[in-house]
Amino acid sequence: MEFSVKKFDLLRELQLVQGVVERKTTIPILANLLVEAKKDQLWIAATDLEMGIRTVLPAKVKKEGAGTIAARRLFEIVRTLPDAEIKFKGLENNWVELRCARSRFKLVGMARENFPALPDFPHPLVKIPTAILATLIAKTSFAVSMEESRYTLNGALLQLKPDSITMVATDGLRLSHIETPHRFNGLNTEVRVLVPKKAMTEVERLLKEVEDKEEVQFARDDSHLFFKVGERLLISRLLSGQFPNYEAVLPRENKSTVVLERDLVASAIKRADLVADQRSHAIRMALDKNKVEIFASSAEYGEAHEELIPPKPYDGEAMQIGFNATYLLDFLSAAAAGPISFEFKDDQTAGQMRPLGEEGYKYRYVVMPMRL
């Protein structure tokens with residue numbers, strides 16, 4: 001194996017694969033990248049057995065071959081090298097020599113035969129516009145459960161229909177739901193898959209590297225999901241199990257509504273949260289006809305009081321309801337700037353929030369109240 005690549009090209013791909021590399025592993029080969037020099041390209045692969053990534057960049061290949069190199073060490077070395085051509089050469093006992101300008105390294109490698117095989121990309125099921133998929137992930141990923149015991153909630157539900165696409169995530173205390181119309185050519189039935197949280201994060205990173213007009217080729221087999229973005233391929237194990245019946249918990253009787261500007265209410269909640277209990281982040285919203293008040297207090301920090309005047313009067317009965325400030329801020333950070341509709345039934349029932357300026361998307365956020 002002997003080849004050379006441009007530093008910029010290599011560094012870009014190494015940055016993209018770092019999130020998949022297993023950092024703390026009892027299987028040493030998972031901390032390595034598989035590099036394969038073929039024709040005029042260098043292929044790079046990484047896996048942690050739950051997820052895999054394969055990417056490619058231009059290369060001047062003098063001798064075809066393959067080997068494995070410690071992923072983190074190679075990344076740290078390449079990022080510090082001068083902007084010049086980097087030359088690689090395979091040595092005996094799986095070692096790899098790296099040269100750039102006046103720098104020279106010899107890195108310990110491992111036999112390529114030890115690297116786990118990644119499944120091949122099957123025939124794509126649909127093509128999803130990158131702008132749509134990026135929006136769906138950004139609006140739901142924060143609501144995915146981080147509790148490993150709640151296995152089916154450790155990912156988001158991706159629901160594909162012939163004329164629409166939906167993504168839903170919940171951790172049991174809040175639910176984020178977004179849907180948009182889109183015609184999928186060749187799709188004649190509904191497809192439902194659970195996308196793991198880590199896969200959502202890595203797909204989002206890949207999407208940032210391409211233009212919005214590009215498309216993601218999406219495929220699945222019996223145990224994997226595949227997201228192909230250009231020549232880069234992300235592979236993730238399917239989450240098994242049944243996602244909860246989210247439609248049953250979507251509020252239908254929240255008829256008391258107040259509309260507030262996103263930036264104003266987000267700023268007020270952030271300020272109130274500064275003195276809230278830092279374990280519960282509990283705040284209280286008091287709704288009256290012509291104003292909305294936000295309160296927070298803790299024995300350690302003191303009290304906060306914010307007052308907001310909605311552009312239109314609140315149309316329900318006066319009430320007070322408690323929420324986790326972090327849950328509200330997660331949604332407000334993801335929602336588009338502009339008016340937000342806050343919809344309530346009573347102080348014991350989940351509240352629903354909808355941005356009114358999300359053109360082309362039906363986006364809603366449901367959050368359970370806190371007992372204060």
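Heavy atoms only: backbone and side chains are in, while hydrogens, waters and symmetry mates are out. One is the number of the first residue; the rest follow in order along the sequence.
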message: Name the residue from K62, R99, K89, E85 that meets the side-chain hydrogen bond (donor to acceptor under 3.5 Å, both in side chains) definition with S4.
response: E85
- prompt: Any luck finding a side-chain donor-acceptor pair between T55 and E13 under 3.5 Å?
  reply: yes
field: Nearest heavy atoms of A46 and F115, plus distance in Å
entry: CA-CZ, 3.9 Å
- request: Kindly say whether the aromatic ring centers of F226 and F218 come within a distance under 6.0 Å.
  value: no
message: Any carboxylate oxygen within less than 4.0 angstrom of a Lys/Arg side-chain nitrogen, looking at E306 and R271?
response: yes
field: Nearest-0.5 Å distance that lies between atom CG in N324 and atom CG in L173
entry: 8.5 Å
field: Worked verdict on Y363 versus H177 for ring-ring contact (aromatic ring centres under 6.0 Å, His included)
entry: CA-CA 6 Å; Y363 184 31; H177 173 282; 8.8 Å; no
task: Test side chain to side chain contact (heavy atoms under 4.5 Å, CB included) on I235 and L225 and set out the steps.
output: CA-CA 6 Å; I235 306 161; L225 299 176; over 6 Å; no
message: Testing the 3.5 Å rule here: is there a donor-acceptor pair between the side chains of Y365 and R174?
response: yes
- request: May I ask you to decide whether E97 forms a salt bridge with R104, counting only side-chain N to carboxylate O separations under 4.0 Å?
  value: yes
query: Looking at CG of L328 and CD1 of I269, how far apart are the two atoms once the value is rounded to the nearest 0.5 Å?
result: 4.5 Å
- request: In sequence, state the C-alpha distance, the side-chain angles, and the governing distance for S297 and F295, and then conclude on side chain to side chain contact (heavy atoms under 4.5 Å, CB included).
  value: CA-CA 7 Å; S297 64; F295 302 91; over 6 Å; no
query: Is there a donor-acceptor contact under 3.5 Å from the side chain of S236 to the main chain of M51?
result: no
message: Assess whether a salt bridge exists between E76 and R72, defined as any Lys/Arg side-chain N lying under 4.0 Å from an Asp/Glu carboxylate O.
response: yes
- prompt: Quick one: CE on M370 to CD1 on I321, what's the gap to the nearest 0.5 Å?
  reply: 11.5 Å
task: Given side chain to side chain contact (heavy atoms under 4.5 Å, CB included), test E293 with H305 step by step and report yes or no.
output: CA-CA 7 Å; E293 296 177 284; H305 173 220; 2.8 Å; yes
query: Salt bridge or not for D163 and R183, using N-O below 4.0 Å?
result: no
message: Looking at E231 and R54, is there a salt bridge between them, counting it only when a charged N and a carboxylate O are closer than 4.0 Å?
response: no
message: Checking E300 against S298: is there a side-chain donor and acceptor pair closer than 3.5 Å?
response: no
- request: In plain terms, say whether K255 and E253 are close enough for a salt bridge, that is, a side-chain N and a carboxylate O under 4.0 Å apart.
  value: no
- request: Classify the side-chain pair D273/H281 by whether it contains a donor and acceptor separated by less than 3.5 Å.
  value: yes
